Amino acid sequence: MTQSYDPKSFEASWQAHWLEHKTFRAHGPGDTDFDASKSKYYVLDMFPYPSGAGLHVGHPIGYIGTDIIARKKRMQGFNVLHPMGYDAFGLPAEQYAIQTGKHPSVTTENNIATFRAQMQNIGLSYDWDREFATCTPDYYRWTQWIFARLYDRGLAYQTEVPVWWCENLKTVLSNEEVINGRSERGDHLCIRRPLRQWMLKITAYADRLIEDLELVDWPASVKTMQTEWIGRSEGAEIDFQVAGHDAKIRVFTTRPDTLYGATFMVLAPEHPLVDQITSQEQREEVKTYREAAASKSELDRTDLAKGKTGVSTGAFGLNPLLDPLDPAARIAIHVADYVLMGYGTGAIMCVPAHDERDHEYALRFDLPILPVVAPRDGAQPEGCWGGEGLAINSPLWDGLATTEAKQKAIQELQQRSLGQPKVTYRLRDWLFSRQRYWGEPFPVLHCEDGTHKRVADEDLPVELPDMDDFAPSEDGRPPLSKVPSWVEVTDPVTGEKYLRDTDTMPGWAGSCWYYLRFMDPHNSDAFASKEALDYWGNVDLYVGGTEHAVLHLLYARFWHKVLFDEGLVPTAEPFQRLFNQGMLQAFAYKDPGGRLVSSDEVTVDGSEARLTADGTPLEQVVAKMSKSLKNVVNPDAVCAEYGVDTFRLYEMFMGPLAESKPWNPRDVPGARRFLERLWRLFVDQEGDSPIREDLLQASEGELVGEALEIERAWNPCLVRINDSFENFNFNTAVAALMEWLNTATKNRAGFRRDQAQRVVCALAPFAPHLAEELWQRLGHKAGTVSFAPWPDVDERYLGSDTFELAVQVMGKLRGRIDAPRSASKDDLEALARQAVADRLEGSTVRKVIVVPGRLVNFVVS
RNA sequence: GCGGGAUUGGCGGAAUUGGUAGACGCGCGAGGUUUAGGUCCUCGUGGGCAUUGCCUGUGGGGGUUCGAGUCCCCCAUCCCGCACCA
């Protein structure tokens, strides 16, 4: 009888064992088995939107990473919270419903079942008792409840705003969901259109959202992106009188110190004053320009390559610090679309000497250019110069440095009531409503008098009505408005009539607080108990892709801060450490014309790739996995062919978790071979015993001979495994295990039980099924290795008594000798001198560098 | 245009943070076990020249240093953000 490594024979049963025994159940406050003395560790994956396509091998790469971390933390004695759920409201299920008539709740449920099965098949150690989907009333009741808190704080309001409207999707989208005038989902054209919408006042938190980035351990790039997205800029608002009109134009500028250099002004085409101030002669031209600007797509308008356009209004503004009769005070007012209505005041003062955009415009329209800042070194800058220097041509602050000049300018303007300091943000308030069905209804009732009030907390949730026609109306009215029985509400006590709000919340709502629900997912009295919130605190480690660097992470931080202000959560920030995993790519093939070829048309022979049809040579490149290239790999198929542990190990062995790297099917068997060789170290394939008989003997006595060799290889290996948890470069941990196995295999006969047990423990996070199997075969009949103690490094066995000393002459390697670790610097130098004696002959040694444990370098002449 | 990250064998990637470049795996080559193929085992494998050995080599160029993949300056290519934000 042979017993070869056969993962199929035990992987599924260990998965069943974990589920059945609730091995990974996290016990929190209120649970009978809760042990408050244990330190908590909360490690969370960004939860997925359960799409119909299921998982591909790219999804689980982060999940496997966090699983390894969670498993190790458990073995280190932490109470680990490691949950999974589904971000289940959203457009795709609804679009699918419109096409097929299948209710989104049905397709969502089916998709969730697929995702769950796939994740359980990978052996991820989630606490499945905490699983939930954001689209269930139990959950969105609390999403609505949190919305009510925002509503009560005045952070949710309705207003008529120009919003992005997507005709294809029949809904408005937030700024963040529109890229260059097209929808992020589906890439449909979007237009600006004024509509009454729910807004969340995220701008009220802008400063704290910037400042509190200091409290978290996040990648610098993500912090930068968020900071830039919020886009805080300090400056001043200044009022310019319009000559001959009873009108003032308020501008925002970050450079009030350049006020004397303002030689013209520009209004955005949508600016409300344009009509009022435009002169008779210019009226027609301005009208044409504004119409053109309105019909231009955002893409055209923001296309920098096209150069600046604009027209004069024929009106003039007056520099507030100059005598109105001074000809220099009179500056032309233009309309140009390089000024955006949505930022600042929609009007600017233009200083072409010190602003590139104004400079370009001035040259084009032959407007005057007056320098008001000079470089400190006295140089004469050519063209436009945006740097800081000393003020010139500025009577009230001539000679002041830019920073002081700004302050002085603001002070002078304030004294004259002509302006004041102002902070402006690029961040806009969050457009929070969608004209869709598959989302959280707003818990808001509209009264007959036009006011609105929120639904009482005890009446939550406001459940979605059951419908079967989800198509939006042609006029853009939301699907929910088609259910009068749901919309019309009569107060049972007062008899007053109300209409329900028929918008729904955007897909981001549910994911703003799900990490809190995981702490206490079945609580029906609160979104989570105070005890659970206090114990679990915030997320220690949050892992996901960079695509959420701004939107999700900014929204969630905003909601969290509101809850913090309500005294409902104990921390200011939700995610203490953030880690972005890299994207999993795939090989693709390019034909000589540079076209990517679908992988089913390619024949690969060794390192040569050719077009199957006619043998055209192809170039191998790395690209995203995509359906069109047919290079998507399904994890189920990989697990079925090689086993789950092989799949997990390969995903980690590919490279550091943070890096993007290509899936290479050719490399997968290498991971499998490693597990087979490991198996053979433990199990005598020709025998009947579940494990080598000698591994059942208690280990006794000094470590000598082969056992000592194994031990000396093991401890450095364990150091490398431990180190790999710093930056999640588990590839080095797997490599260390492989190296150890090479040594251990050579010294197979000396392998001892105590060593075997430590190896199985260290292996457990990476290849948990194999580890459980070997642990049981080692005689741990009832238990699981999941809570066995993580092994310690034994410093005594970290190195051998000798090391390889590199001997260099003039920095070039000239010899390698074995040297005792205990040797002094002088001993090492003597040994090295001996080793390269022939090379030193005839030259003078001017200097000797000795690095103990490494090398000796002779500098000669 | 601005900001960030990268660039190491045929491929994925290591490198104790300034100290023996290419660990580990894949692929490839040679040999062994096997009736044969596969599996498995052993050895080799950056490039060049060569009898031992030598030269060269981390995208390109320059610099600091006894010593540079690692630090500094310049350049190229690729990827990711942002992109008229006043």
Side-chain angles (χ1 to χ4, degrees), chain A residues 4 180 219-222 224-225 228-229 231-233 235 251-255 258 266 268 301-308 336-340 342-351 355-358 360-361 424-427 546-547 549-550 583 585 587 606-608 620-622 649-650 653-656 658-671 673-674 676-677 680 685 716 719-720 723 729 731-742 745 803-816 846-851 853-860:
Chain A
S4 51
N180 289 333
S221 60
V222 177
T224 306
M225 273 193 250
E228 287 177 357
W229 188 265
R232 180 191 157 96
S233 64
V251 304
F252 172 73
T253 177
T254 53
R255 292 294 299 270
T258 61
V266 171
R301 233 180 116 156
T302 56
D303 189 351
L304 289 162
K306 295 218 168 89
K308 305 234 173 325
D337 65 6
Y338 81 90
V339 173
L340 311 173
Y343 186 77
T345 59
I348 59 170
M349 65 175 205
C350 299
V351 186
D355 182 283
E356 283 290 349
R357 298 150 301 181
D358 299 343
E360 186 192 334
Y361 192 86
T424 298
Y425 301 91
R426 216 172 71 97
L427 181 71
T546 13
E547 66 271 21
V550 178
M583 207 192 317
Q585 300 158 313
F587 289 125
S607 55
E608 299 252 295
Q620 190 186 66
V621 294
V622 170
L649 211 66
Y650 173 62
F653 188 57
M654 278 192 288
E659 304 294 325
S660 293
K661 56 248 163 186
W663 177 272
N664 189 348
R666 208 173 62 179
D667 289 342
V668 180
R673 278 199 281 271
F674 163 69
E676 286 172 356
R677 293 171 58 215
R680 291 201 298 269
Q685 298 198 89
V719 169
R720 289 176 66 190
D723 287 350
N729 48 344
N731 54 323
T732 61
V734 179
L737 284 164
M738 286 172 167
E739 277 185 80
W740 173 81
L741 180 61
N742 289 342
T745 303
F803 69 96
E804 196 180 55
L805 178 75
V807 184
Q808 299 181 334
V809 179
M810 298 300 283
K812 282 188 192 274
L813 186 70
R814 293 305 178 194
R816 294 172 186 183
R846 305 177 65 96
K847 195 175 173 185
V848 183
I849 290 112
V850 182
V851 185
R854 299 243 167 271
L855 57 75
V856 175
N857 186 13
F858 294 100
V859 185
V860 299

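Protein chains get the first letters and strands the later ones, always in sequence-line order, with residue 1 at the start of each. Note that the structure is predicted; figures quoted are calculated from it, not measured.
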Using the [atom1] atoms only, state how far [M] lies from [N], rounded to an integer number of Å.
{"N": "B:C74", "M": "B:G3", "atom1": "P", "value": "12 Å"}
{"N": "B:U52", "M": "B:C75", "atom1": "P", "value": "46 Å"}
{"N": "B:G47", "M": "B:C82", "atom1": "P", "value": "43 Å"}
{"N": "B:G69", "M": "B:C2", "atom1": "P", "value": "31 Å"}
{"N": "B:U20", "M": "B:C40", "atom1": "P", "value": "34 Å"}
{"N": "B:U16", "M": "B:G22", "atom1": "C1'", "value": "16 Å"}
{"N": "B:C43", "M": "B:C26", "atom1": "P", "value": "14 Å"}
{"N": "B:G19", "M": "B:G67", "atom1": "P", "value": "15 Å"}

Can you tell me which nucleotide in [options] comes closest to the side chain of [X]?
{"X": "A:A806", "options": "B:C84, B:G67, B:U20", "value": "B:U20"}
{"X": "A:R816", "options": "B:C26, B:U20, B:A86", "value": "B:U20"}
{"X": "A:K661", "options": "B:C66, B:G25, B:G13", "value": "B:G13"}
{"X": "A:A735", "options": "B:A23, B:U20, B:G67", "value": "B:A23"}
{"X": "A:Y338", "options": "B:C84, B:A86, B:G19", "value": "B:C84"}
{"X": "A:E228", "options": "B:G13, B:A86, B:G3", "value": "B:G3"}

Whole-Å distance between [N] [atom2] and [X] [atom1]?
{"X": "A:D667", "N": "B:C24", "atom1": "CG", "atom2": "P", "value": "15 Å"}
{"X": "A:Y343", "N": "B:C82", "atom1": "OH", "atom2": "C1'", "value": "14 Å"}
{"X": "A:M810", "N": "B:C55", "atom1": "CE", "atom2": "P", "value": "13 Å"}
{"X": "A:R677", "N": "B:U39", "atom1": "CZ", "atom2": "C1'", "value": "14 Å"}
{"X": "A:K812", "N": "B:C55", "atom1": "NZ", "atom2": "P", "value": "6 Å"}
{"X": "A:M654", "N": "B:A14", "atom1": "CE", "atom2": "P", "value": "12 Å"}
{"X": "A:Q585", "N": "B:C78", "atom1": "CD", "atom2": "C1'", "value": "12 Å"}
{"X": "A:L737", "N": "B:C24", "atom1": "CG", "atom2": "C1'", "value": "11 Å"}

Would you say a side-chain N or O of [X] is under 4.0 Å from OP1 or OP2 of [N]?
{"X": "A:R426", "N": "B:A86", "value": "no"}
{"X": "A:R854", "N": "B:A15", "value": "no"}
{"X": "A:R814", "N": "B:C55", "value": "yes"}
{"X": "A:N731", "N": "B:A14", "value": "yes"}
{"X": "A:T224", "N": "B:G81", "value": "no"}
{"X": "A:K847", "N": "B:G67", "value": "no"}
{"X": "A:N664", "N": "B:G13", "value": "no"}

Taking syn as a glycosidic torsion within 90° of 0 and anything else as anti, which one is B:U17?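 Classified syn.
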Is B:G9 in the syn range, within 90° of 0, or in the anti range? syn
Toward the 5' end of RNA chain B, which comes first, A:L855 or A:T345, by nearest nucleotide?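 First, find each residue's nearest nucleotide; the 5'-ward one identifies A:L855.
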Contacts of A:A736 and A:V851 projected onto RNA chain B by closest heavy atom; the upstream (5') one is A:V851
Identify whether any heavy atom of [X] sits under 4.0 Å from a base atom; if not, whether one sits that close to sugar-phosphate; answer base, sugar-phosphate or nothing.
{"X": "A:R846", "result": "nothing"}
{"X": "A:Q808", "result": "base"}
{"X": "A:T424", "result": "nothing"}
{"X": "A:S660", "result": "sugar-phosphate"}
{"X": "A:F587", "result": "sugar-phosphate"}
{"X": "A:E356", "result": "nothing"}
{"X": "A:D358", "result": "nothing"}
{"X": "A:P669", "result": "nothing"}

Among A:I348, A:D337, A:D358, side chain to side chain contact (heavy atoms under 4.5 Å, CB included) partner for A:V266: A:I348
Strictly distance-based, threshold 3.5 Å: is any side-chain N or O of [X] a donor or acceptor partner for the main-chain N or O of [Y]?
{"X": "A:R680", "Y": "A:Q685", "result": "no"}
{"X": "A:Y650", "Y": "A:P665", "result": "no"}
{"X": "A:K661", "Y": "A:P656", "result": "yes"}

Where RNA chain B forms runs of at least three Watson-Crick or G-U pairs (i with j, i+1 with j-1, under 3.5 Å), the stems are B:1-7 with B:76-82, B:10-12 with B:24-26, B:27-32 with B:40-45, B:46-49 with B:53-56, B:59-63 with B:71-75
Hey, could you give me the CE/CG distance between A:M349 and A:D355, rounded to the nearest 0.5 Å?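 That separation rounds to 9.5 Å.
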